[in-house]
Amino acid sequence: MRGPRSLQGRLALGLGIGLTLLWLGAAWATATIWRGEMDKVFDSTLEETAQRLLPLAVLDILDREDEGVSERIATLRQHEELFTYLVRDKQGRVLLRSHAAQDADFPPFDGMGFRQTETHRLYYDAALQGTVTIAVAEPLSHRAKAARDALMGLALPLIVVVPLSLIGIAAIVQLSLRPVRRFSDALARRGARDLSVVDDANLPTEIAPVATAVNQLLDRLRRALDSERSFTANAAHELRTPVAAALAQTQRLLVETSDPKAGQRAAELEASLKRLTRLSEKLMQLARAEGGRLRRDTMSDLRPVLRMVLSDFEQVAGVRRLDAEIAEDPVRSDIDPDAFAILARNLIENALRHGSTDAPVQVRLTADGVFRVINDGPPIAPERLERLTARFERGQTVSTGSGLGLSIAKAIAEGAQGSLTLRSPASDREDGFEAVFQAPPVR
């Protein structure tokens, strides 16, 4: 059986078990000491009873006319006799006995003092130079019952005290670890978009160094990611001007040259420069998705943003390549409109690039903030589908592309606290590919 994994559970369990064992040990020690003291009291009572009864018995025996006659003391009323006694003469004849005394419980006199049999504790005394002896007996069961009653008297309070103590320990531990739980919850809410320092105030001194180390690690990680994003954005931005200049010179060379071989090489160079231009644009979008503030304090309607994106694609790919359905009611969300435009553009571009040219790409935006893009094509294997959102990962296609479109869409969805789901086959179909973006819930 495994113990609790949480620090709170371990402390509560350890303290609870320790306190319970301490209480039980204290109760056992108390009972042992009490049993010894109780035996002393009972032995003293036996001795005192014998010493008080023996003179009375001697007077009664001396006043008798007949010697050696056994007499049983009658009781005034019925009661349980815990102490019984027997008076004998020198020859061992019983001269006097209590009403409940049994001869078998009293061994013969062999000297003054205490004796103990399997059933009784006895005290012997003598008078008239040993011619008259008395034996007072107490059942051992009486002492055992008294010990049990005392032990129960000690144990019964523990039945109440121990559970209350355990509840108190759990409450104190929970209250003491509240700052630790707050720190843990705040740390769990951190992600790649939020690497700010976690408040470590009021933490116990044992946990404070750990919190300081975690905050230092978060700060180093934040600076490293910021540096990476800044480099990506700056590099992509700085590449745009020289690449555009090189592309312009290449296109001018294509117009001016009459050499077929030079023209072919210039065309290949033009295609490479166009791919580099698209790649730089995608890198800038990725840097924007991973580093920007993707949610705003105000709400906006997503429909005009999507219509603008669709208009750009209709001019390039044609109206027939797109089948769009947009909700009639406003689709309000606090996601940044530029970020949503980048996400929509990448998903639609991915569908146009990799989907079948025989069927239009379906674009849907519902009133509950669900944006769906569906294209025809053969189904994609599940293991391949899981890797499509990785950077520079492309599906089973011969078309050109950077392999960053779905990565950018995923980064925007996660950064905005939305969700992006990829399905193949598409919903209610046997083939095709479907990308579903759920806008973040309204705050």
Side-chain angles (χ1 to χ4, degrees), residues 281-282 285 288-289 294-296 298-380 382 385 388-389 394-395 397 399 401 404-443:
E281 292 177 355
K282 294 297 183 183
Q285 291 179 2
R288 167 77 169 84
L294 303 181
R295 299 182 72 174
R296 305 195 309 175
T298 58
M299 308 289 289
S300 59
D301 190 359
L302 300 182
R303 296 180 302 165
V305 180
L306 181 58
R307 291 193 183 102
M308 180 186 65
V309 173
L310 290 173
S311 175
D312 293 340
F313 279 109
E314 288 174 354
Q315 294 178 8
V316 177
V319 178
R320 295 182 179 180
R321 288 299 312 277
L322 296 173
D323 177 17
E325 290 185 10
I326 302 177
E328 296 181 359
D329 297 327
V331 182
R332 303 185 64 81
S333 174
D334 61 355
I335 185 173
D336 186 82
D338 291 339
F340 178 70
I342 294 174
L343 179 142
R345 187 178 299 278
N346 278 279
L347 292 182
I348 296 173
E349 182 182 19
N350 181 79
L352 290 172
R353 190 182 302 277
H354 301 293
S356 173
T357 57
D358 298 333
V361 172
Q362 299 179 14
V363 180
R364 306 286 185 266
L365 179 62
T366 60
D368 55 355
V370 177
F371 176 63
R372 194 184 308 268
V373 180
I374 305 171
N375 62 267
D376 281 3
I380 303 174
L385 188 66
L388 285 183
T389 54
R394 300 176 62 209
T397 177
S399 61
L404 289 173
L406 293 179
S407 299
I408 295 170
K410 180 183 179 182
I412 292 175
E414 291 180 349
Q417 288 81 49
S419 64
L420 178 65
T421 305
L422 305 181
R423 300 191 183 103
S424 184
S427 301
D428 301 326
R429 294 176 56 170
E430 297 181 355
D431 59 358
F433 177 83
E434 180 181 16
V436 181
F437 168 69
Q438 173 62 65
V442 177
R443 289 184 292 189

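Counting from 1, the numbers follow the sequence of the chain as shown. Heavy atoms only: backbone and side chains are in, while hydrogens, waters and symmetry mates are out.
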**Request:** Report the C-alpha distance between Ile342 and Ile412 in whole Å, list the side-chain angles of each, state the deciding distance to 0.1 Å, and finish with yes or no for side-chain contact (heavy atoms from CB on, under 4.5 Å).
**Result:** CA-CA 8 Å; Ile342 294 174; Ile412 292 175; 3.7 Å; yes
How many angstroms lie between [atom1] in [X] and [atom2] in [Y], if you round to the nearest 0.5 Å?
{"X": "Leu420", "Y": "Phe371", "atom1": "CG", "atom2": "CZ", "answer": "10.5 Å"}
{"X": "Ile335", "Y": "Ser333", "atom1": "CD1", "atom2": "OG", "answer": "5.5 Å"}
{"X": "Arg332", "Y": "Met299", "atom1": "CZ", "atom2": "CE", "answer": "6.0 Å"}
{"X": "Arg303", "Y": "Glu328", "atom1": "CZ", "atom2": "CD", "answer": "9.0 Å"}
{"X": "Asp338", "Y": "Leu343", "atom1": "CG", "atom2": "CG", "answer": "12.5 Å"}
{"X": "Glu349", "Y": "Ile408", "atom1": "CD", "atom2": "CD1", "answer": "9.0 Å"}

**Item:** Residue pairs involving residues 311-322 (criterion side chain to side chain donor-acceptor pair (under 3.5 Å); sequence neighbours excluded)
**Value:** Asp312-Arg345
**Asked** Residues in salt bridge (charged side-chain N to carboxylate O under 4.0 Å, His left out) with Glu430, at least two apart?
**Response** none
Taking the side chain as C-beta and beyond, is there a heavy-atom pair between [X] and [Y] under 4.5 Å?
{"X": "Leu422", "Y": "Ile380", "answer": "no"}
{"X": "Thr421", "Y": "Gln438", "answer": "no"}
{"X": "Leu310", "Y": "Ile326", "answer": "yes"}
{"X": "Leu306", "Y": "Phe340", "answer": "yes"}
{"X": "Ile348", "Y": "Leu322", "answer": "yes"}
{"X": "Phe433", "Y": "Leu385", "answer": "yes"}

**Asked** With sequence neighbours left out, what residues match Glu434 under side-chain hydrogen bond (donor to acceptor under 3.5 Å, both in side chains)?
**Response** Arg372, Ser427
**Fill in**
With sequence neighbours left out, the residues meeting side-chain hydrogen bond (donor to acceptor under 3.5 Å, both in side chains) with Asp368 are Thr366
Which heavy atom of [X] sits nearest a heavy atom of [Y], and at what distance?
{"X": "Val373", "Y": "Ala351", "answer": "CG1-CB, 3.7 Å"}
{"X": "Pro440", "Y": "Asp334", "answer": "CG-OD1, 3.9 Å"}
{"X": "Arg423", "Y": "Val436", "answer": "NH1-CG2, 3.3 Å"}
{"X": "Ala426", "Y": "Ile374", "answer": "CB-CG2, 3.9 Å"}
{"X": "Ala435", "Y": "Leu347", "answer": "CB-CD2, 3.9 Å"}
{"X": "Val331", "Y": "Asp301", "answer": "N-OD1, 2.9 Å"}

**Message:** My understanding is that only residues two or more places apart in sequence, or in another chain, count here; which of them pass ring pair (Phe, Tyr, Trp, His ring centres under 6.0 Å) with Phe437?
**Reply:** none
**Item:** Listed partners of Ser300 passing side chain to side chain contact (heavy atoms under 4.5 Å, CB included), at least two apart
**Value:** Arg296, Pro337
